[in-house]
Protein chains: 2
Amino acid sequence: MPPKASTTPDPEARPPGRTVRITDVAAAAGVSAITVSRALNTPDRLTKATLRRVLSAVDRLGYVPNLMAGALASRRSRMIVAIVPTIATPMYADALQAFTNAMSQAGYHVVLGLGGFDRREEEQLIITLLGRQPDGLLLVGSAQSAEAKKRLAEAGIPTVEIWGDASPRADLQVGFSHAGVGEAVANHLCDRGYRSFGIVSSDDIRAMERLDGFRRTVERRGGRLAVQRLMAPPSTIMEGRRSLAPLLRALPEGGAVFCSSDLLAAGLLIEAGASGVAIPAELAICGFGDLEIGQAMKPALTTVSVDGAEMGQLAARCMTDRLAGNPIPRRIIVPVEIIQRETT
Amino acid sequence: MPPKASTTPDPEARPPGRTVRITDVAAAAGVSAITVSRALNTPDRLTKATLRRVLSAVDRLGYVPNLMAGALASRRSRMIVAIVPTIATPMYADALQAFTNAMSQAGYHVVLGLGGFDRREEEQLIITLLGRQPDGLLLVGSAQSAEAKKRLAEAGIPTVEIWGDASPRADLQVGFSHAGVGEAVANHLCDRGYRSFGIVSSDDIRAMERLDGFRRTVERRGGRLAVQRLMAPPSTIMEGRRSLAPLLRALPEGGAVFCSSDLLAAGLLIEAGASGVAIPAELAICGFGDLEIGQAMKPALTTVSVDGAEMGQLAARCMTDRLAGNPIPRRIIVPVEIIQRETT
DNA sequence: TTGTAGGCGTTATCAA
DNA sequence: TTGATAACGCCTACAA
């Protein structure tokens with residue numbers, strides 16, 4: 001007898017290769033599409049029995065909801081766009097990692113935008129990523145152009161800026177005063193008796209603000225800024241190593257140097273170790289960021305602790321609270337602390 | 001005269017607060033919606049004149065296409081999901097960064113999935129992220145469960161696994177043999193005359209494969225594996241520092257140690273420097289990853305160079321070629337090289 | 001508690 | 001070269 005198409009159509013039959021849709025599940029469970037939707041999104045609003053029936057069908061068919069379609073219909077994408085200059089720097093990477101994990105817990109996915117250190121590109125990135133209809137935006141150390149700002153405002157979605165600064169640029173902020181950090185470091189070093197100072201720093205915008213605070217305070221307290229090395233980000237250990245000699249030359253009587261990154265400071269320490277320069281006797285060093293490398297060096301690095309991961313987490317909390325309509329503070333100042341170790 | 005609604009309706013007027021849609025642009029430019037779509041996607045298929053008219057309207061209205069709607073209609077999301085265990089590790093971060101940049105160039109956005117080192121979670125992540133309808137998937141050092149594999153196959157999208165290994169798990173692979181690396185390191189150390197060996201390693205799956213290769217080769221060449229310290233990822237410098245003492249105890253006559261990460265090796269070097277242990281005379285050290293810290297240490301670290309950024313880039317090329325329908329090799333082996341510096 | 005009708009904003013398809 | 005029409009797969013709003 002020749003094989004013949006079944007006369008009672010199998011409710012689970014589909015043209016092979018076609019992906020499983022919500023209507024397939026509905027048919028298999030003997031309910032309507034909307035009931036399947038509810039089973040997945042608001043399960044409490046269904047009878048235990050139907051819920052079970054639907055979920056079992058979901059399972060059997062291996063149904064994976066098309067989130068794009070859902071987003072289009074509900075106007076909620078459950079995606080957050082995160083724009084970061086780079087993730088090759090541990091500080092930003094930690095922040096993004098913590099943020100992504102926390103948002104993921106809350107059912108959001110993160111779209112990654114790598115802005116680099118170029119304004120034009122970052123702006124373009126913001127605009128195209130806005131086309132993804134994100135429910136929110138995370139900006140890490142991003143300087144926004146006027147155009148980008150306008151678009152953000154029009155998008156009408158919560159925007160959290162972390163790693164931020166005193167001057168409010170974004171909707172919501174999680175950060176600290178960079179100038180204040182510079183000031184605190186200068187005070188710390190002056191208090192410990194240093195009078196001559198050096199700077200080794202990347203020239204990115206945040207670092208420059210820290211330097212401003214540092215310089216002003218050093219000056220006010222009668223210190224002398226003898227030398228300053230600026231370089232393009234990202235900071236590297238090698239740049240730090242190369243900086244030791246010029247620093248010692250400019251500070252022949254000793255002094256203290258403020259580095260814009262623990263990486264630079266670690267380079268200084270390595271070079272000092274290699275060439276027998278006593279730290280802090282011949283040169284005191286203060287870093288920034290409290291990276292693992294700083295605590296692990298010998299002598300251990302005095303530095304400024306800023307917890308990138310904590311900022312990421314706080315940003316996520318802000319974001320989810322805001323998305324849930326809960327009232328939240330517009331600005332959160334995270335604690336920043338000078339960790340006195342062995343290099344000052 | 002009282003203000004009165006204009007009788008010739010402004011083609012650019014919209015209820016305020018409503019976002020600009022393609023039909024708004026169409027109306028403003030005096031064309032149909034599909035023409036606007038074409039102006040943006042296939043500009044060559046339009047008259048110069050209409051193209052100009054449309055683009056000017058796009059500009060004037062600040063139209064940003066809704067990519068979700070476009071994706072739904074075209075069945076191409078122009079999104080790639082990247083699943084990485086962590087970005088707190090420079091090696092993975094570099095790979096992801098290079099990949100994201102390259103894909104961005106090609107007009108794709110990357111959705112970030114942080115898998116951690118937990119299988120169950122990673123699997124769940126793969127499934128929900130598949131709901132985003134990505135056009136492709138990047139797996140970085142991901143071990144796929146059977147269930148996840150099935151879903152991936154059903155999704156029918158290109159999957160590139162980087163940081164991969166000899167055993168093909170994914171559709172496409174960009175990687176190298178981890179066991180081969182262990183073997184090469186063992187050979188290198190034996191060739192240089194070392195006979196007693198130690199291991200300091202994280203216990204993640206890739207590292208373990210490298211260790212297997214290392215052990216087998218050491219044994220074959222008559223060496224002796226005297227000590228082995230395994231720890232949970234991620235590797236830290238501090239763990240390295242703490243490992244020196246036990247290592248020296250187990251290797252009183254000297255020997256060589258293979259670390260699963262340059263971070264661990266750097267810790268060993270720092271501790272050695274602090275306690276006056278001569279490297280490599282009292283202990284030779286070989287790292288893995290060729291991170292900046294290794295080259296920047298004094299003495300400079302012998303290590304295995306694996307270029308994470310290059311893998312990311314190659315993966316992106318694979319992905320775009322495949323998406324464009326170009327034929328590509330199923331496996332790309334990236335060169336892995338032992339960089340002999342001062343610690344062996 | 002469940003279902004029906006309609007629309008989310010875009011692009012594929014076919015026609016002019 | 002341009003346009004009309006009909007999906008894409010799901011969810012909101014309302015009704016039963």
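Quick note: numbers below take in every heavy atom, side chains included, and nothing from hydrogens, waters or symmetry partners.
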>> A quick test of your reading: do over 12 heavy atoms of other residues, nucleotides or ligands sit less than 6.0 Å from CZ of A:R78?
In response: yes
> Contact class for A:I22 vs. all strands (heavy atom < 4.0 Å): base, sugar-phosphate, or nothing?
Replying inline: sugar-phosphate
> What does A:L46 touch in the nucleic acid at a heavy-atom separation under 4.0 angstrom: a base, only the sugar-phosphate, or nothing?
Replying inline: sugar-phosphate
>> Can you work out whether B:A33 or A:A71 has the more 5'-proximal nearest nucleotide on DNA chain D?
In response: B:A33
> Of A:R76 and A:A69, whose nearest nucleotide on DNA chain D comes first from the 5' end?
Replying inline: A:A69
> Closest heavy-atom contact between A:L138 and A:A315?
Replying inline: CD1-CB, 3.8 Å
Can you give the donor-acceptor pairs under 3.5 Å from side chains of residues 95-106 of chain B to other protein atoms, not counting sequence neighbours?
{"residue": "B:Q97", "atom": "OE1", "partner": "A:T86", "partner atom": "OG1", "Å": "3.1"}
{"residue": "B:Q97", "atom": "OE1", "partner": "A:I87", "partner atom": "N", "Å": "2.8"}
{"residue": "B:Q97", "atom": "OE1", "partner": "A:A88", "partner atom": "N", "Å": "3.4"}
{"residue": "B:Q97", "atom": "NE2", "partner": "A:T86", "partner atom": "OG1", "Å": "3.2"}
{"residue": "B:T100", "atom": "OG1", "partner": "B:L96", "partner atom": "O", "Å": "2.8"}
{"residue": "B:N101", "atom": "ND2", "partner": "B:Q97", "partner atom": "O", "Å": "3.4"}

> Should the pair B:E123-B:R120 be classified as a salt bridge under the 4.0 Å nitrogen-to-oxygen rule?
Replying inline: yes
>> For B:K149, is there an ion pair with B:E161 - N to carboxylate O distance below 4.0 angstrom?
In response: no
>> For the backbone of A:S77 and the side chain of A:D135, can you confirm whether one donor and one acceptor N or O come within less than 3.5 Å of each other?
In response: yes
>> Treating A:R330 as the side-chain partner and A:D171 as the backbone partner, does any N or O pair qualify as donor plus acceptor under 3.5 Å?
In response: yes
> What are the bounds, 5' to 3', of the part of DNA chain D that sits under 4.0 Å from heavy atoms of chain A?
Replying inline: D:dG9 to D:dT12
> Applying the side-chain contact (heavy atoms from CB on, under 4.5 Å) test to B:E122, which of B:L114, B:L139, B:I83, B:I127 qualifies?
Replying inline: B:I83
> Quick one: how far along DNA chain C does chain B reach, first to last nucleotide 5' to 3', anything under 4.0 Å to a heavy atom?
Replying inline: C:dG9 to C:dA12
